[in-house]
Amino acid sequence: MSSPDQDRRALRERLLAARQALPDRLERAVGLQTVLRSWLVGRRETRIGAYWPIKGEFDPLPALYRWQEGAPEGTTRQIGLPVVDKASGRLRFHVWFPGCPMEEDAYGIPKPKDTETFEPELLLVPCVGFGPAGLRLGYGGGFIDRTLAALHPRPWSVGLGYAHGFLPLLKPLPGEACLDTLLTEEGVMWERG
């Protein structure tokens, strides 16, 4: 009998391969850009933590840049990218803007170099897969769960992924944080009331 960790590892591998092989991934990305931009219109947060896309993930940065540029006069909006704090295993968010100096982190993922940090009010999270009631299947490192548990007040968390990753029978593991909103190219899949 396999363990939940083994089952999830196999599920991740299958979903990652399927995402990389999506023949219409570009069209799905365009759709999700539209959904994210529309969803952000009514939000009041001014500091959003995001991510640098890897492994075929949806890239939220174009929508965020438009969100930032559309700030009402007198309002400053900030976008942050994560940097792993090795001591705590949590993420810290450093200001990002197009053209800012970047360097690779220990995992080979680009991160802002020498920019200020902030605590996000809203956090965009990539999903390998997702399930009912905001359940997220990530890469298994636990960075998002630890970060959400440590931030007070907790930011509104938004999972971003393609609809092929919906797992109706996904069950939570101990310590996993459920997200507040799930967005795909098809629209808002779930939102906490």
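What you see is a predicted model; the values in this text were computed from it and never measured.
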task: Kindly check if the number of other-residue, nucleotide or ligand heavy atoms within 6.0 Å of OH (Y139) is above 12?
output: yes
task: Scan side-chain atoms only and decide if Q20 and R25 contain a donor-acceptor pair under the 3.5 Å cut-off.
output: yes
query: Is the closest basic N to carboxylate O distance between R192 and D180 below 4.0 Å?
result: yes
query: Is R43 paired with E45 through a side-chain N to carboxylate O contact shorter than 4.0 Å?
result: yes
query: Just checking, is any N or O donor in the side chain of W39 or E191 under 3.5 Å from an acceptor N or O on the other one?
result: yes
- request: Would you check if the side chain of R90 reaches a backbone N or O of D145 as a donor-acceptor pair within less than 3.5 Å?
  value: no
- prompt: Does the side-chain contact (heavy atoms from CB on, under 4.5 Å) test come out yes or no for W67 and I79, once each step is laid out?
  reply: CA-CA 9 Å; W67 165 82; I79 302 166; 4.0 Å; yes
statement: Closest non-hydrogen atoms of A71 and R77, given as atom of the first, atom of the second and distance, are CB-CD, 3.6 Å
query: So with a 6.0 Å cut-off around CZ of R154, is the heavy-atom count from everything else above 12?
result: yes
- request: Take K111 and E103 through the side-chain contact (heavy atoms from CB on, under 4.5 Å) test and state the conclusion after the steps.
  value: CA-CA 5 Å; K111 65 178 184 177; E103 62 186 355; 3.3 Å; yes
message: Between R146 (side chain only) and G89 (backbone N and O only), is there a donor and an acceptor less than 3.5 Å apart?
response: yes
- prompt: Got a salt bridge between R8 and E176, using NZ or NE/NH1/NH2 to carboxylate O under 4.0 Å?
  reply: yes
field: Which atom of L182 lies closest to which atom of G134, heavy atoms considered
entry: CD1-CA, 3.7 Å
field: L15 and H164: CA distance, side-chain angles, deciding distance, side-chain contact (heavy atoms from CB on, under 4.5 Å) verdict
entry: CA-CA 8 Å; L15 287 171; H164 84 285; 4.3 Å; yes
- request: Any chance you could measure W96, atom CH2, to L64, atom CG, to the nearest 0.5 Å?
  value: 7.5 Å
- prompt: Same cluster for V83 and F97 if Ile/Leu/Val/Met/Phe/Trp/Tyr side chains link at under 4.5 Å?
  reply: no
pair D114-P101: side-chain heavy atoms closer than 4.5 Å: no
query: What about M189 and W156, same hydrophobic cluster or not, with Ile/Leu/Val/Met/Phe/Trp/Tyr joined at side-chain heavy-atom distances under 4.5 Å?
result: yes
query: Nearest 0.5 Å, what's the CG-CG distance between L135 and L137?
result: 8.0 Å
Let me have the donor-acceptor pairs involving side chains of residues 115-131, under 3.5 Å, with sequence neighbours excluded, atom names and distances please.
{"unit_1": "T115", "atom_1": "OG1", "unit_2": "V95", "atom_2": "N", "d": "3.4"}
{"unit_1": "T115", "atom_1": "OG1", "unit_2": "V95", "atom_2": "O", "d": "2.7"}
{"unit_1": "E116", "atom_1": "OE2", "unit_2": "Q78", "atom_2": "NE2", "d": "3.4"}
{"unit_1": "E121", "atom_1": "OE1", "unit_2": "T46", "atom_2": "N", "d": "2.6"}
{"unit_1": "E121", "atom_1": "OE1", "unit_2": "T46", "atom_2": "OG1", "d": "3.2"}
{"unit_1": "E121", "atom_1": "OE1", "unit_2": "R47", "atom_2": "N", "d": "3.0"}

- prompt: Are W52 and F58 connected, step by step, through hydrophobic side chains (Ile, Leu, Val, Met, Phe, Trp, Tyr) whose heavy atoms are closer than 4.5 Å?
  reply: yes
message: Quick check: closest heavy atoms across A163 and T184, and the distance to 0.1 Å?
response: N-CB, 3.9 Å
- prompt: If Ile, Leu, Val, Met, Phe, Trp and Tyr residues are connected whenever their side-chain heavy atoms lie under 4.5 Å apart, and connections chain through other members, are I48 and Y65 in the same group?
  reply: no
message: Assess the residue pair Y51 and I109 against the criterion (side-chain contact (heavy atoms from CB on, under 4.5 Å)); give the C-alpha distance rounded to whole Å, side-chain angles, the decisive distance to 0.1 Å, and a yes or no.
response: CA-CA 10 Å; Y51 59 90; I109 301 170; over 6 Å; no
- line: Between P112 and L81, the two heavy atoms sitting closest are CD-CB, 3.7 Å
- prompt: How many angstroms lie between CG in L183 and CG in L36, if you round to the nearest 0.5 Å?
  reply: 6.5 Å
- prompt: Can you check whether G108's main-chain N or O pairs, donor with acceptor, with D105's side chain at less than 3.5 Å?
  reply: yes
query: Should M102 and I54 be counted in the same cluster of Ile, Leu, Val, Met, Phe, Trp and Tyr side chains packed under 4.5 Å apart?
result: yes
- prompt: If every non-hydrogen atom of Y162 is compared with every non-hydrogen atom of A29, which pair is closest and at what distance?
  reply: OH-CB, 3.5 Å
statement: When every non-hydrogen atom of F93 is compared with those of A50, the smallest separation belongs to CE2-O, 3.6 Å
- request: Taking R12 for its side chain and G138 for its backbone only, find out whether a donor-acceptor pair lies under 3.5 Å.
  value: yes
